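The chains referred to below are lettered A, B, ... by the order of the sequence lines, with proteins before strands, and numbering in each begins at 1. Note that this is a predicted model, so its numbers are computed, not measured. Any value given below was found using the heavy atoms of this structure, including those in side chains, with hydrogens, waters and symmetry copies removed.
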Amino acid sequence: MQQIQVHEHCKLKRYIWELPVRWCHWVNALSLVILAATGAFIAHPFSVAHSASDFVMGWVRFIHFTFAYIFTISVVSRIIWAFTGNRYAGWREFFPMRTVKGREKLRDMFRYYLFMTHQVPETVGHNPLAATAYFAVYCIYLAMILTGFAMYALHAPGGAMYRAMGFMYAIFSIPMLHLVHHALPWLLLGFVINHIYSAWLMDIKEHGAEISSMFSGYKFTLKREHED
Amino acid sequence: MDKEQFDGADDLVGRSSEKREYSIGEILRERGVSRRDFLKFCSAMTAALALPAAFSPKLAQALDEVKRVPVVWLEFQDCAGNTEALLRAANPTVAELVLDILSVDYHETIMAAAGHQAEAALEKTFNDYRGKYICVVEGSIPMKDGGVYGCVGGRSYLDRARQICGSAAATIAVGTCAAYGGIPAAVPNPTGAVGVMEAVPGVTVINLPGCPVNADNLTATIVHYLVFGKIPDLDSHGRPLFAYGKRIHDNCERRPHFDAGQYVEKWGDEGHRKGYCLYKMGCKGPATFHNCPSQRYNEKTSWPVGAGHGCAGCSEPNFWDTMSPMYKRLPNVPGFGIEHTADQIGVGLAVGTAAAFAVHGALKALSKDKEPGEETKEG
């Protein structure tokens, strides 16, 4: 509070999440919901058709593949943005373990979650615990994308995508591709439960507009841009 | 693939040895096979090789002129099912044609000779046609403990495979055992069984997996070799693309039911009687490359899915381990004991997570936490 005198409880509006970050977040969220729903049907279809001329599974798979492409573009864009966006979008955010300060923040957040302190730590960009989880989540995304396209490419053996996925067929048998692609979304479901809960919790406890920041891009913090 | 190895085929065609070698066309006429049947066979082979119909007369012309190729048929750890499949091929004389096109000099199951006589026949072909004969292998080769788990004529399978396959123009591994080890190689694989490609690295091997091999594919492979003088294009598992280039699921006659959303729910239900898709019954057609839907078995009579049973995935490497359980769509999860599906584990995980955070949320709601900045006020 050096330059401008503000009340110690007066929080400052800060632009954190740039437009591409927010777009990627919501495209991912929508894609995950649609991919999970269509994927569940593909895995456990129920007989709904009245005639062999119907195309229920055909359309469900079409939607699944379309959103698979949309999701892939979103994930790749976000990874690129981690190298071109602002500091809160940058790749360093996702490895708080790297720095002393990051480890300290991580420890504070961990203590708060484990009821070891009543002091809510202020997070300006990513919650350090969440950011660590996001790295794991992106690894799962990549595994989903690779196993998904490896299975998808089987319709055209010898094609460009099939050849590009050659290393996947070397690692996994085809049924194992199906199993991995089927099992990992359960981890993502666990993550989504955690993610929504934590956003809700921090919104309530931190009073920094955690949830609305993912729509507007703005958070409210005590510290100013150059102070943290 | 070593191109030089196939120059042998040209030699074979124009070979001038002391005794007159009859062409396949001549032999067939002598045996009373009508021209009409011969052309029908050529058409069937053209189709099996996925060649345009215009190739049929060219195939006929080429087959008319080429000489027979000596073949030795070695059996290792097998059930002789591929031999059965070949002998049961009852096409208008296809069995005859195959056996006439192939001059089968050695075949333990069907040859009249036995003991030292049989071994002498093998020795003769090996010495006279070195680098020119085709070796057909049926059954896997045990590698463990120096290959002691199988022997013929006092020599281990591995030893025989190294010698005979090593000097062949090409080796055709028929059936999944010869191609990838098959059922003898299934976990725990007590004999260390492997396919020919792995047992004898460096030799030219064409894999024709399947349990059993489709005799039409074997005939077509040999016809391809006779006519074009080289082996057909292979995929990454060493299988000819003409027979293994498409997924069963993509050529399946029940595919419209899959796309429509009509599935067999249990054996013998209405959907099963109507011929709906077997996807939910554990059909491995979506994971298996083979031409079963178009080529079919036994005179193109039927094939597993046509007969109402899901594909077992028998033409894929390690199918016995990777494709099981046969009647479930997904493998069991390793490390969780049998009968644990990914979904059971997943539901447990999701419910556990939700419960944990519900408790956490309730406790946090009761907790009087200080928001950022409040510490300074109080401290």
Validation row: [X], [Y] side chains within 4.5 angstrom (heavy atoms):
X       : Y       : value
M197(B) : H237(B) : no
Y218(A) : I16(A)  : no
V56(A)  : Q262(B) : no
L32(A)  : F67(A)  : no
T341(B) : L330(B) : no
P209(B) : R239(B) : yes

query = Which residues, numbered in order, of residues 302-317 of chain B come under 4.5 angstrom of chain A by heavy-atom distance?
reply =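 From residues 302-317 of chain B, the residues near chain A are E316(B).
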query = By number, which residues in residues 249-259 of chain B have some heavy atom less than 4.5 Å away from chain A?
reply =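 Heavy-atom contacts from residues 249-259 of chain B to chain A are D250(B), R255(B), P256(B), H257(B), F258(B), D259(B).
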ask   = Side-chain donor-acceptor pair under 3.5 Å between T221(A) and E122(A), yes or no?
value =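 E122(A) and T221(A) do not have a side-chain donor-acceptor pair below 3.5 Å.
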Side chain, backbone, both or neither of [X] within contact of chain B (heavy atoms, under 4.5 Å):
X       : value
P45(A)  : both
I204(A) : neither
L154(A) : both
L179(A) : both
L184(A) : neither
F55(A)  : both
Y169(A) : neither

inquiry  = Atom CZ of residue position F135(A) - does it have more than 12 heavy atoms of other residues, nucleotides or ligands inside 6.0 Å?
reply    =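 At most 12 heavy atoms, drawn from other residues, nucleotides or ligands, come within 6.0 Å of this atom.
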With no hydrogens and no angle check, is any side-chain donor or acceptor of [X] less than 3.5 Å from a backbone partner on [Y]?
X       : Y       : value
N214(B) : R296(B) : yes
T38(A)  : I34(A)  : yes
D203(A) : I211(A) : yes

Top contributor to chain B contacts, counting heavy-atom pairs under 4.5 Å, from [options]:
options                           : value
G208(A), S198(A), S51(A), A170(A) : S51(A)
N194(A), T117(A), V48(A)          : N194(A)
M176(A), R61(A), H50(A), H178(A)  : R61(A)
F46(A), Y113(A), W59(A), F41(A)   : Y113(A)
P157(A), S53(A), A183(A), A156(A) : P157(A)

request  = Pick out which of H126(A), E93(A), R14(A) makes a side-chain hydrogen bond (donor to acceptor under 3.5 Å, both in side chains) with Y88(A).
outcome  =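 Single pass found, and it is R14(A).
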Side chain, backbone, both or neither: which part of [X] has a non-hydrogen atom closer than 4.5 Å to chain A?
X       : value
F289(B) : side chain
K368(B) : backbone
V351(B) : neither

task = Could you check whether the rings of H224(B) and F242(B) sit parallel, tilted or perpendicular, using 30° and 60° as the cut-offs?
result =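 Ring orientation of H224(B) relative to F242(B): parallel.
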ask   = Can you list the steps and then say if F65(A) with F149(A) is a ring-ring contact (aromatic ring centres under 6.0 Å, His included)?
value = CA-CA 9 Å; F65(A) 300 148; F149(A) 281 105; 8.6 Å; no
message = I'd like to know which of D343(B), L241(B), L349(B) tops the heavy-atom pair count under 4.5 Å against chain A.
response =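 Option with the greatest count: D343(B).
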message = Restricting to non-hydrogen atoms, name the atom on N332(B) and the atom on P325(B) that form the minimum distance, rounded to 0.1 Å.
response =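 Nearest heavy atoms, N332(B) then P325(B): ND2-CG, 3.7 Å.
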Smallest separation among heavy atoms of N189(B) and P184(B), with atom names =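 Closest pair (atom of N189(B), atom of P184(B), distance): OD1-O, 3.1 Å.
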request  = Measure from NZ or CZ of K364(B) to the centre of the six-membered ring of Y112(A), then state whether that distance is under 6.0 Å and the direction lies within 45° of the axis.
outcome  =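 Cation-pi check for K364(B) and Y112(A): passes.
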